[in-house]
2 protein chains.
Amino acid sequence: MNRNQLRRRPLYEQIKSLLLRRINDGEWQVDEALPSEWDLAEELSVSQGTIRRALTELVQDEVLYRQQGRGTFVAESVSDWGDALLGAPGAMGAGGAAPLVELLSCSRANASVEMAEALGLRRGEPLWRLRQLWRYQGQPIALDDAYLSCEKFEGLDARWLRQFGGGVYATLQRRYGVRVMVKSVQFRAELLPREEASLLGQVTSIEVPALSLLRLSVSMTGEPVEWRQRYCLTQQFAYVVTP
Amino acid sequence: MNRNQLRRRPLYEQIKSLLLRRINDGEWQVDEALPSEWDLAEELSVSQGTIRRALTELVQDEVLYRQQGRGTFVAESVSDWGDALLGAPGAMGAGGAAPLVELLSCSRANASVEMAEALGLRRGEPLWRLRQLWRYQGQPIALDDAYLSCEKFEGLDARWLRQFGGGVYATLQRRYGVRVMVKSVQFRAELLPREEASLLGQVTSIEVPALSLLRLSVSMTGEPVEWRQRYCLTQQFAYVVTP
DNA sequence: CAGTGGTCTAGACCACCGG
DNA sequence: CGGTGGTCTAGACCACTGA
């Protein structure tokens with residue numbers, strides 16, 4: 001390891017970046033073990049304690065997971081759904097589960113002002129719009145529109161996404177080597193727009209309030225990747241977050 | 001430090017608990033420095049590295065904060081509002097700020113089934129109900145009802161809360177030595193009930209959707225302390241969370 | 001059993017802060 | 001300048017896993 005690096009970034013930070021790059025380059029697959037801490041220490045000419053610290057932080061970032069006696073492994077990327085669970089309103093203890101996803105469509109759109117700003121693109125640039133329907137206990141519960149740059153993710157289409165399964169983020173990781181993490185989430189309460197209401201099976205004429213989420217996801221290097229809007233029905237189940 | 005403790009809990013965990021107890025007992029005030037890592041190490045007969053690890057985790061839990069060259073200090077308890085910010089819808093970059101709080105009333109209520117379960121009490125037990133109005137840029141933006149056990153927090157009243165200022169959590173810490181952290185939050189979209197609508201200045205006859213939050217807060221030892229419900233207007237500002 | 005991560009120690013040097 | 005936290009090293013022992 002180069003010790004004369006202007007002494008700016010600590011060693012363990014440099015090792016974090018290095019490992020992150022190698023993970024994203026696909027050097028180790030999901031659930032595959034990295035070399036042991038001692039082997040990494042020798043390879044990178046640092047002490048095992050320094051390797052340990054880098055790995056510990058990557059575990060905290062949920063990029064890796066450890067199992068005592070077995071090794072250190074590459075973690076799955078986050079789920080499209082996010083960390084939230086669906087639970088009975090008022091019952092704070094028992095968290096439910098995450099819903100199941102179905103890809104409805106993959107079309108093209110143009111970046112709005114907000115999308116362009118959030119994604120670091122110019123207004124009007126072409127984006128993929130991936131529409132997903134979430135079901136919980138068989139019932140439609142949420143509708144997502146995910147927007148991603150066409151340029152960065154050339155050739156993304158419904159066939160790929162359905163074939164891979166596991167949602168948009170899993171596909172980004174496996175096909176484009178991009179790991180993603182949620183940077184920011186906005187919550188609002190809105191009346192469900194007509195189109196979304198019909199897709200969510202809300203056919204009554206009365207207007208129904210829905211939880212509206214806006215979410216910005218970035219790559220591990222902090223580069224904005226996805227702008228996602230979600231309408232979530234919360235009459236039966238609440239959207240539960242546990243910090 | 002007792003090394004023959006059945007070897008169950010690691011030393012740094014024991015030290016975390018010990019320091020947490022001493023912080024809650026008021027041994028050091030908010031923004032007051034703890035003894036240096038070396039002094040603590042000597043006092044507790046462990047190595048500085050072990051003290052360091054315990055402190056690092058308490059910093060991650062936002063119980064302490066560190067300043068290089070100065071020391072390690074007791075942090076403020078969390079704000080009643082929580083970690084969220086109010087921001088312009090669609091603008092993910094620029095987070096706004098938190099709103100200002102005003103205590104409306106302090107009354108008594110009886111625990112509902114959900115409250116009792118969440119707080120570990122029996123149904124119908126007496127609770128304080130603290131009603132707070134949040135204003136942002138002068139406009140009412142959210143209404144909170146915080147419920148706490150009357151038994152555990154004897155003598156809580158509006159005078160104390162107003163006199164202390166800084167909200168419920170600051171008062172719990174200063175008067176009862178209880179530090180609090182948010183354990184779980186539920187989000188729902190609802191139509192704003194009539195009473196809450198009038199307190200939030202929504203006098204139109206049409207029904208307005210509001211973001212409904214249910215939040216359970218616990219002490220540092222994990223004991224449930226507060227059940228809080230919030231109605232938040234989101235027509236103008238979104239509720240922004242940054243993980 | 002060998003190999004892995006998990007804890008703990010001791011000591012060194014650096015970077016920053018304040019008087 | 002002394003005192004603080006921040007980084008890095010080397011080595012020891014433990015606890016768990018799997019062959």
Side-chain angles (χ1 to χ4, degrees), chain A residues 1-20 23 27-75, chain B residues 1-20 23 27-75:
Chain A
M1 206 83 211
N2 180 7
R3 267 156 190 73
N4 307 324
Q5 207 142 348
L6 280 166
R7 275 287 161 209
R8 215 53 239 134
R9 265 157 71 79
L11 262 180
Y12 69 88
E13 291 272 9
Q14 300 177 37
I15 290 169
K16 263 181 78 171
S17 304
L18 180 76
L19 291 175
L20 222 31
I23 291 165
E27 184 162 342
W28 307 285
Q29 299 307 305
V30 169
D31 292 327
E32 187 181 339
L34 270 61
S36 78
E37 297 178 350
W38 284 103
D39 287 352
L40 284 172
E42 190 177 2
E43 177 189 341
L44 303 177
S45 307
V46 299
S47 77
Q48 178 258 2
T50 300
I51 295 292
R52 183 161 188 81
R53 171 145 189 195
L55 293 180
T56 298
E57 300 206 355
L58 290 173
V59 167
Q60 286 167 344
D61 294 344
E62 301 187 308
V63 173
L64 303 174
Y65 63 93
R66 287 204 263 229
Q67 286 183 20
Q68 175 164 164
R70 301 226 306 130
T72 304
F73 306 85
V74 177
Chain B
M1 206 82 208
N2 179 8
R3 267 156 191 73
N4 306 322
Q5 207 141 349
L6 280 166
R7 273 287 162 210
R8 212 54 240 136
R9 264 158 71 80
L11 260 181
Y12 69 88
E13 291 273 8
Q14 299 176 39
I15 289 169
K16 263 181 79 172
S17 304
L18 179 77
L19 290 176
L20 222 31
I23 291 165
E27 183 160 341
W28 307 287
Q29 299 306 308
V30 168
D31 291 327
E32 187 180 340
L34 270 60
S36 77
E37 298 178 349
W38 284 103
D39 287 353
L40 283 172
E42 189 177 3
E43 177 189 339
L44 303 176
S45 307
V46 300
S47 78
Q48 177 258 2
T50 300
I51 295 292
R52 185 162 187 80
R53 172 147 188 195
L55 293 180
T56 298
E57 300 205 356
L58 290 173
V59 168
Q60 286 167 344
D61 295 343
E62 300 186 57
V63 174
L64 302 175
Y65 63 93
R66 287 202 263 229
Q67 286 183 21
Q68 177 164 161
R70 300 225 309 129
T72 304
F73 306 85
V74 177

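Quick note on labels: first sequence line is chain A, next is B, and so on, each numbered from 1.
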May I have the distance from [X] (atom [atom1]) to [N] (atom [atom2]), rounded to whole angstrom?
{"X": "A/Phe73", "N": "D/dT17", "atom1": "CZ", "atom2": "P", "answer": "11 Å"}
{"X": "A/Gln14", "N": "D/dC8", "atom1": "CD", "atom2": "C1'", "answer": "12 Å"}
{"X": "A/Arg9", "N": "D/dC8", "atom1": "CZ", "atom2": "P", "answer": "11 Å"}
{"X": "B/Glu13", "N": "C/dC8", "atom1": "CD", "atom2": "C1'", "answer": "14 Å"}

Quiz item: Counting only non-hydrogen atoms, which of residues 48-58 of chain A are less than 4.0 Å from DNA chain D?
Solution: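 The answer is A/Thr50, A/Arg53.
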Quiz prompt | Within residues 27-39 of chain B, residues whose heavy atoms come under 4.0 Å of DNA chain D | solution =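 The answer is B/Ser36, B/Glu37.
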Self-check item: Working for side chain to side chain contact (heavy atoms under 4.5 Å, CB included), residues B/Trp28 and B/Thr72
Solution: CA-CA 11 Å; B/Trp28 307 287; B/Thr72 304; over 6 Å; no
Self-check item: Any residue meeting side chain to side chain contact (heavy atoms under 4.5 Å, CB included) with A/Leu20, in chain and number order, not counting sequence neighbours
Solution: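 Only A/Leu58, A/Val63, A/Met220 meet the side chain to side chain contact (heavy atoms under 4.5 Å, CB included) criterion with A/Leu20.
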Practice problem: Give a yes or no answer on whether the side chain of A/Glu62 reaches the backbone of A/Ala75 with a donor-acceptor pair at less than 3.5 Å. | Solution: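 Such a contact is absent between A/Glu62 side chain and A/Ala75 backbone.
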Under the side-chain hydrogen bond (donor to acceptor under 3.5 Å, both in side chains) test, residues paired with [X] that sit two or more places apart:
{"X": "B/Glu42", "answer": "none"}
{"X": "A/Glu13", "answer": "none"}
{"X": "B/Gln67", "answer": "B/Arg70"}
{"X": "B/Glu27", "answer": "B/Arg22"}

Quiz item: Does anything in residues 37-68 of chain A pair up under ring pair (Phe, Tyr, Trp, His ring centres under 6.0 Å), and if so which pairs, sequence neighbours excluded?
Solution: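 Listed once each, the pairs are A/Tyr65-A/Phe73.
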Exercise. Can you tell me which residue pairs pass the salt bridge (Lys or Arg N to Asp or Glu O under 4.0 Å) test with a partner in residues 47-56 of chain A, sequence neighbours excluded?
Key: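 Sorted pair list: A/Glu37-A/Arg52, A/Arg53-A/Glu57.
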Exercise. Using salt bridge (Lys or Arg N to Asp or Glu O under 4.0 Å) as the criterion, list what pairs up with B/Asp39, not counting sequence neighbours.
Key: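 Scan of B/Asp39 (salt bridge (Lys or Arg N to Asp or Glu O under 4.0 Å), adjacent residues dropped) gives none.
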Exercise. Could you walk me through whether B/Leu18 and B/Leu44 pass side chain to side chain contact (heavy atoms under 4.5 Å, CB included), step by step?
Key: CA-CA 10 Å; B/Leu18 179 77; B/Leu44 303 176; 3.6 Å; yes
Mind listing the N/O atom pairs, protein and nucleotides 16-18 of chain C, below 3.5 Å?
from, atom 1, to, atom 2, distance (Å)
C/dC16, O4', B/Gln68, OE1, 3.3

Quiz item: Any side-chain N or O of A/Thr72 less than 4.0 Å from the OP1 or OP2 oxygen of C/dG5?
Solution: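 Result: yes.
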Practice problem: Taking only the side-chain nitrogens and oxygens of B/Tyr12, find out if one of them lies under 4.0 Å from OP1 or OP2 of C/dT7. | Solution: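 B/Tyr12 to C/dT7 OP1/OP2: side-chain N or O found under 4.0 Å.
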